[in-house]
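Only one structure is covered here, and it is reproduced in the block below.
Here is how names work: the chains are called A, B, and so on, in the same order as the sequence lines, proteins then strands, and each is numbered from 1. Since the model is a prediction, treat every value here as computed from it, not as a measurement.
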Amino acid sequence: MSELTMVQAVNDGLKSIMREDDSVLVLGEDVGPKGGVFLATEGLTSEFGEERCFDTPLSEDGIVGVGVGMAMNGLKPVCEIQFQDFIFPAFDQIVSEAAKMRYRSGGQYTVPMVIRTPYGGGIRGGLYHSQSGEAYFAHTAGLKVVIPSTPYDAKGLLISSILDPDPVIFMEPKALYRAFREEVPDGVYTVDLSKTREVTPGDDAVIFCYGAMVPVATEAARRVKESRNKDVRVVDLRTLMPLDEESVLQAARDCGRVVIVQEAPRFCGYGSEISALIAEHAVETLEAPIRRVAGFDTPFPNTLENYYLPDARRVTDAVEEVLDF
Amino acid sequence: MSELTMVQAVNDGLKSIMREDDSVLVLGEDVGPKGGVFLATEGLTSEFGEERCFDTPLSEDGIVGVGVGMAMNGLKPVCEIQFQDFIFPAFDQIVSEAAKMRYRSGGQYTVPMVIRTPYGGGIRGGLYHSQSGEAYFAHTAGLKVVIPSTPYDAKGLLISSILDPDPVIFMEPKALYRAFREEVPDGVYTVDLSKTREVTPGDDAVIFCYGAMVPVATEAARRVKESRNKDVRVVDLRTLMPLDEESVLQAARDCGRVVIVQEAPRFCGYGSEISALIAEHAVETLEAPIRRVAGFDTPFPNTLENYYLPDARRVTDAVEEVLDF
Amino acid sequence: MSETLQIIDPSGKKVGTAPRLKNEVMVAMFRAMVRTRAFDDRCMKLQRTGKIGFSVPNKGIEATSVGAAAALDAARDWIAPHYRDFGIPIFHGIPAVSMMDNMFGNIDDGAVGRQMPVHFSFRDQLNYLSISSPLGTQIPQAVGVAMAMQRRKEDGVCLTTFGDGSTNTLGFHSGMNFAGVYGAPVVFLCQNNGWAISCPVEKQTASEGFAIKGEAYGIPGVTVDGNDVLAVYRVVSEAVKRARAGEGPTLIEAVTFRMGGHSTSDDPSKYVDAKEFEAWEARCPLKRFRAYLLAEGKLTEAEAAAIEEEAASEMMAAAKEAEAKPVPPLDSIFSDVFADIPAHLRVQSDFAVGHYSSRGEGVNEKGEFPL
Amino acid sequence: MSETLQIIDPSGKKVGTAPRLKNEVMVAMFRAMVRTRAFDDRCMKLQRTGKIGFSVPNKGIEATSVGAAAALDAARDWIAPHYRDFGIPIFHGIPAVSMMDNMFGNIDDGAVGRQMPVHFSFRDQLNYLSISSPLGTQIPQAVGVAMAMQRRKEDGVCLTTFGDGSTNTLGFHSGMNFAGVYGAPVVFLCQNNGWAISCPVEKQTASEGFAIKGEAYGIPGVTVDGNDVLAVYRVVSEAVKRARAGEGPTLIEAVTFRMGGHSTSDDPSKYVDAKEFEAWEARCPLKRFRAYLLAEGKLTEAEAAAIEEEAASEMMAAAKEAEAKPVPPLDSIFSDVFADIPAHLRVQSDFAVGHYSSRGEGVNEKGEFPL
Ligand SMILES: Cc1ncc(C[n+]2csc(CCOP(=O)(O)OP(=O)(O)O)c2C)c(N)n1
Ligand SMILES: Cc1ncc(C[n+]2csc(CCOP(=O)(O)OP(=O)(O)O)c2C)c(N)n1
Ligand SMILES: [Mg+2]
Ligand SMILES: [Mg+2]
């Protein structure tokens, strides 16, 4: 057990599994001696050697394409894309290849690969160091999409993702990398994919969220308890695809009032699917409109980033709205 | 006036605007002497010369990247991507560049460009000649997304898109390219973007759809009139972004029962946004769950494509369900 | 432009030093070329008669495919193939019916009827990666496959094939560069068949041929007569030898010609001059190798004729057999998306099976593939 | 590897034929280099004192940027820039305060505070495209800009600059190939500064330098001492001349060194040997050109010193002025997504303005940029 930040937990997760499984290796830009721009891969090259953690040329298409090939031939590559904003040159390898390989080969070839990438706002990164693209991947059949919100989950979900037989897009909320510390077990442990986590109990309303919006939603729930004396359940989705749809619907039925929070732009965002699921399968239990609190439908600004990102106040207002409806 | 198929109307639209506006030019793979694999650009090189309609090397990134540069320097490029399935190598130029150029330069540089691409099923194209990726683009702030469903709209919307000051992803439902003919005016005319089209009137239920699903939905409405004697309104969204949200909400309020149809996989698809909009702004007027009829959450199959694609029967069942709720 | 290696000239005369090959191997190569042509002919007929939806003419590429295939050891080597390469699985003993299963997309198709025809994938007899429609994606994958063997200190090699047009894809640029940097045991084989659908090579790139593109990645480039099966065999064997010895990748340009349309949906008369076809017909890889084998006394006219007849009837029989097989089951739409079928796909699968077995009416007619 | 053109050696001695340049032009080039260094120094100080969030050290690149800039005609030429290129706008008379506006992301920033620092874009005085973080995307755009001029029979040229690492992006591959095929009037200038963040060039590619990569696209490649402003001026001028004359594109590799971290968030001591910095300090582009100008009698010590002092105080004043300006208005989040603000953004804008003007509490603290 040790007290780790999320980025330390990611680093510990990589080391722990690499010690037990020789087939796991890490590749990406600056992941070697520098240890990655956020230090998530610090110490890997010195411990495991260049063969198992190495810097690549500046080509996301190459990182993922080579990773797909390695995965088809017995390795478990963990590709790092330095910022999620820079994943698009690899979009073809991800969407056309990694996602469809098992399907198009009738299971003859499979891609047990993880693509780790920091996403989201909070570091004054402007248009290209702040984006949240989870909806692109969740809409692509054949990909799993995982987003942790705590150090404990980050390590356990990452190891589960590495051991998973299918490609996983593992998105790390960079705003939480060093936001707080938490007790994290030593060595290998897993956290099941496709299970949501109840952060706070309650049945007056439910907030669905993930990643960096989890602490924001939790703070909002606390404020609503104060302002309205209502118990708001906060659900951390954790695995966006395959989503545990039943637990989402159950929470909506239990509470009858729903707010969904995401950093990404609202339109066609991941939250739209959560809303649509409820409107299709639990609409009769709703006591209020389903409110979405999301990034605005614009590119991500820089100077005004904190007016773009949903915060506890915006979420609190939305929850009070559905409660007062 | 002449009776044209949709692909002929696209061809006529390109010729008509190119005759009036020298700054319009066409580039893409096989768009020259061959006239494009669907013949949408037939005769352009012979009428306008290689300077204004030319074959490019096999690089979607190059087609779009060069198009962005031309658009920033006074031209109005119309890029053809041979199949929407092959647009992903250009995803970075589309999402990172074309979509964000005006924003990140404070309007100093703009990208009046159209990317035409055939999408959707119906030709036994299997995994990679059948996809419907509209949600990827509609979620990307800075892009307009247009999908016609008739020859008349195809020509008018294409010309409006070419004259639009911002980048437009113009997705052509290949299943409708030669499905039927319609009277199409000669020369230049426009159909406004961001306006939905009421295909059939009715206020017992509404079906929201676009592209190749419009005739499917229309046939379903006809069947429901027979089976239930109910009047089902069919709304062709036509411009997916910027969407005329008000007219969507009004139709939902008028009818109280909603079905959304798309070929694309259900999860995080475009239809999810339509459902979420209604659940957020018109939920109190709903008399039934919002049903989505969509492609399954799998890659696109080949032999069994007709069991994957929504058809009139699947849509009819869904409409009857919401009517009987 | 590095000059082009040729061992047998178009008339079948030996003009270079032939690689040392056992007679039975040379005959096996000839047989594979003949069977490749026969498989191609059969598929064209099946498409014309509407029994399959699509095929990709392989006429003209037989020497390049078979010469390269013969240089590989199926037991340890891997192939990341282009779609225009029937000769590779055929040489390595993939049964014609397994390939026909894919052309028909039936229940025994390795792709379970999910892919279009000519999108093969094989695993048991041959490490032959699943063919993808998006071009060039197999190239960095080949490098990854090779780097995995490199890390395990195996001496396997990965051959990747692609067309001239495909050299402009992302995958060519990233795959070649990674292979150069890591010295991966990969052989890059560019089939320069003159065209990318309707785009001629001179509109595809301004470089002096394709072998020279290796310079940009520190990878040696070689040009070979792609219609000369022995020349192709030799350059690929040498590249494989280098790769096995840990001496790194090689880029090979095989100069050949697409003796037909891009696909069954394409009409080349719109853009290819008929004279070009005539000129290249005279360089036919089969006639050439046949003449050589007869001249060298490796094969008699009667034996050659027998091989040709067998091949034709073999492919007809294979087509009949594949055609008779049922389509994949409806629930195959939902398997292989993930290793396990998640809850939401289970629901969709149950719906589909229930819906389509209960509904009275059938499903729409199928469309036609334009390219 | 084509040998490297040098005109002034590190000591300032003339070792090649200098281009014919008026004195005032050479002095203007020197002044631009000095101001570039001063702008860079000031930005580093602003970042260290927490007044701006981020900067990209330009120390060492001054000769490459200014030498290239001086070869262009701002009236007709275009620039598709790399982010490490302060010298280009500075040489062409963009006011330092306009650049500082971007470093602070204030209301006068050309990017309206939407981009990170060092992401300039200028239009009125200079066709200087908006800098993008995603690498290499400017390269095919430069080709499109050039092809537009080609079609209008204008004689303008587009210069695009990028780093050594950026040669592995999609954009380099597609842009170079299109330029070769269409003979577009583009000058490709690769700043080989030895590193891509922590990745040294030998891990970036196995090719013999970067100029040779032109071979893959039929584009001539030239290598030049990137710390020799006159040599850079000459090769870029020649490339511009060729392009104007319709003779097509050129790839230039400028060999230089990144005299610091990748950015203010990077610590190079982790991966760059201190000796390398010493070795390159001895080849400092400013010292070199200064010594040359003094030796040639184009400039006196006193004049040089005056230029250096002016530059320092100019940049301090520019920073003060930019710092004093307000941030962009809240509703600037919603403009420039499209030419007109669509209904849904109007709604979001009204909400934001209402919400943030009414709410009592402020907004969260800002985070820190790691790279
Ligand atoms: C990324 C991508 N873009 C476009 C296409 C459409 N397409 C299919 S084959 C082809 C031409 C390929 O030419 P080449 O690489 O020379 O192979 P050949 O067909 O000549 O064997 C094109 C453009 C595709 N399959 N993938
Ligand atoms: C597509 C993409 N991938 C990764 C990054 C992150 N990144 C920013 S700068 C940089 C290194 C660039 O090296 P080089 O092209 O040599 O330019 P230099 O910084 O040396 O001037 C990287 C990897 C990016 N900006 N874009
Ligand atoms: Mg070809
Ligand atoms: Mg560099």
Is it the side chain or the backbone of [X] that comes within 4.5 Å of chain C heavy atoms, both, or neither?
X	answer
B:Tyr307	both
B:Phe88	neither
B:Arg266	side chain
B:Thr56	backbone

Check your understanding: Are B:Phe91 and B:Phe137 close enough that their ring centers fall under 6.0 Å?
Key -> yes
Revision key, fill the gap. Checked B:Tyr308, B:Phe296, B:Phe86, B:Phe300 vs chain C; the most non-hydrogen pairs under 4.5 Å come from B:Phe296
Exercise for review: May I ask you to name which of B:Gly62, B:Pro33, B:Pro89 has the most heavy-atom pairs under 4.5 Å with chain C?
Suggested key: B:Pro89
Side-chain donor-acceptor pair present, [X], [Y], cut-off under 3.5 Å:
X	Y	value
B:Tyr210	B:Glu134	yes
C:Asp85	C:Thr161	yes
C:Gln348	B:Asp297	yes
B:Ser227	B:Glu320	yes
C:Asp267	C:Ser269	yes
B:Gln131	B:Tyr119	no

Can I get a per-line list of side-chain donor-acceptor pairs under 3.5 Å for residues 209-217 of chain C, giving both atom names and the distance, sequence neighbours left out?
{"residue": "C:Lys213", "atom": "NZ", "partner": "C:Thr205", "partner atom": "OG1", "Å": "2.9"}
{"residue": "C:Lys213", "atom": "NZ", "partner": "D:Ala216", "partner atom": "O", "Å": "2.6"}
{"residue": "C:Tyr217", "atom": "OH", "partner": "C:His173", "partner atom": "ND1", "Å": "2.6"}

Review point. How about residues 322-331 of chain C versus chain B: which residues have heavy atoms under 4.5 Å apart?
Key: C:Val327, C:Pro328, C:Pro329, C:Leu330
Would you mind checking which part of [X] comes under 4.5 Å of any heavy atom in chain B, side chain (CB onward), backbone (N, CA, C, O), both or neither?
X	value
C:Phe338	neither
C:His119	neither
C:Ile333	both
C:Ser332	side chain

Practice item. Measure the acute angle between the ring planes of B:Phe267 and C:His344, then classify it against the limits of 30° and 60° as parallel, tilted or perpendicular. Key: tilted
Check your understanding: Are B:His129 and B:Phe83 close enough, and set up right, to give a ring-ring contact (aromatic ring centres under 6.0 Å, His included), and what steps lead you there?
Key -> CA-CA 6 Å; B:His129 298 83; B:Phe83 285 84; 4.6 Å; yes
Exercise for review: Inspect the surroundings of NZ in C:Lys320 and state if more than 12 heavy atoms from other residues, nucleotides or ligands are less than 6.0 Å away.
Suggested key: no
